[in-house]
Amino acid sequence: MTDHKDPASFRDPSGFVYRDVSGKIFRQINRPYENEYQAIQASGLWDKLIADGLLVPHRPVPLDLRATDDAVAVLEPQPIPFISYPYEWCFGQLRSAALLTLEIQLRALEKGFVLKDASAFNVQFNGCKPVFIDTLSFEQYRENEPWVAYGQFCRHFLAPLALMRYRNTSLNRLLSIHIDGVLLECVSPLLPWQSWLRSGIAVHVHMLGKAEQAYKKKREVTEPVSGRLKKGNLIALVDSLKSTVRGLQYKQMQGLWTNYDSNESYSEAGVCAKRSWVRATLDKVKPAVTWDLGANTGEYSRMAAAAGSYVIGMDGDSSCIQHMWEANHDRVLPLAMDLSNPTPSLGWAHTERASLLERGPADCALALALLHHLAIGNNVPLDRLAVFFARCARCLLVEWVPKEDPQCQRLLVSRRDIFTNYTREAFEHFFTSQFDIDDMLELPQSGRVLYRMQSKIVGLAQ
Amino acid sequence: MQNKSHPRNPGFRSSIPVLATVGLICLFSASDAHAYLDGGTAAIVFQIVAATALGVLFYFKSLWWKVKRFFVRNPREEPGADD
């Protein structure tokens, strides 16, 4: 059988995720997990978690579909429309993923199980709803045994949440460097003294960080650590983590673009024409998956979702992403993404966590009121923009913003205009080397032009 | 699970007993630890100490909630309750 093992699924010997030749996703359960698998099935824990929408649904399929001979069972999980990573989430997303993990831990304990890991990468989003995807993260609870994933939970969730709450909402991006969670000894000195006043942060971040540092200094090899932790005390620990996460509330920062809608330089007729053209085009194209690049507060993401698309709304401003996430749309996944530096491939052998482009292409990409930010704000030449967009999606809805536009002029206020090539002619020249133009609309009382284009890249064109 | 606001944790006052208890236990227990020492080990040793202290607080918290539930029909927050 020719299968493709998921490059992120190799650490746990209990099983792994793979795709068959048609691209269908499966999870193989290996022999070492057989006893746990039987126990967990008998307990009804999975069924209850799936029924309550906490765990990704799956169905057992015949063993013939296994990828290797070590299999004792094969599950077919419901696919997640778009894989995202904690360093792309806003505060609210990471917080909800943390609460989901703790809720699952408490429910598992009730049924005599425990989470053997508490990685933020075990959570994915269906629209704005978090769902736990690592079905094999459960093992039977052993009486008086401490929670082995406690430190991991603090590094993956509490530490970045505290940094986002107290310092800057984009600091979860540290998780792209510290792929197994932000080291507490790094986080503790970065937090303000006021964070010591919150008991949960004091205990689970500051003091745990100090304990880890102290043990590192003492480093002596003797025997495995032994200690007993009563189940009641373990529940108290999880309850304390839960209270700590719940106590961390989003602190509104003045976002760059959350007021952008109202500041735009369109005439009323221009806005109406743009909205109706985009709506009509989306209805015509009917994309299954849309990437809204530079989504701002998500107006056009919601429009694409209304046209039946699953939308990934990306913006570099995490306050915009928080705003979109709070709208709680079930077909819009907001992600913090700096398009001048999009998520690269990360992790082991550069394959464990996929780059943005590796997770595409989308059926349609929206690049509305975006071009000038990349071309003028970030000095990216138009030919490079055309190549990037052509790799993003089969169909592109792009808005040309002329240099005379007030928004462009704002970008040029404090700098020399070196952008002699930033003209509509050059834009059309470079973009038609990558795309075929299917349709266009010049917006009234504005130099802005909307284009619908089809990618020429082999393998992408429909 | 999301988008609901909750009353903020009481700040400094609630921190004092936890900090003092955990701090004291850490102080007396850390020097006696014999283990293969790495970050994970520290988290496990620390967890046993912290959870023991938190267990005492949790007991009183649960007791308080039982009393509150007796008098108030729908208390807003409960130990272990869903978000």
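Per chain, numbering begins at 1; letters A, B, ... match sequence-line order. None of these values were measured; they are calculated from a predicted model.
Contact record, A43(B) with G151(A): CB-CA, 4.0 Å, taken as the closest heavy-atom pair. Annotation for A211(A) and A42(B): closest pair O-CB, 3.9 Å, computed over non-hydrogen atoms. The two atoms that bring G55(B) and A236(A) nearest to each other are CA-CB, 3.5 Å, heavy atoms only.
To the nearest 0.5 Å, atoms CZ (F58(B)) and CG (D239(A)) are separated by 4.5 Å. To the nearest 0.5 Å, the span separating NE2 on H204(A) from CZ on F46(B) amounts to 7.5 Å.
Side-chain contact annotation: K216(A) with T41(B), donor-acceptor N/O pair under 3.5 Å absent.
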Exercise for review: List the steps and the verdict of side-chain contact (heavy atoms from CB on, under 4.5 Å) for K61(B) and S243(A).
Suggested key: CA-CA 12 Å; K61(B) 194 176 165 185; S243(A) 301; 3.2 Å; yes
Exercise for review: Check the pair I44(B), Y150(A) against side-chain contact (heavy atoms from CB on, under 4.5 Å), reporting the backbone distance first and the verdict last.
Suggested key: CA-CA 8 Å; I44(B) 284 172; Y150(A) 165 67; over 6 Å; no
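Side-chain N or O atoms of Q47(B) include one that pairs as donor or acceptor with a backbone N or O of W147(A) at under 3.5 Å.
Screening T52(B), I48(B), L54(B) for a side-chain contact (heavy atoms from CB on, under 4.5 Å) with L237(A), the sole residue that qualifies is L54(B).
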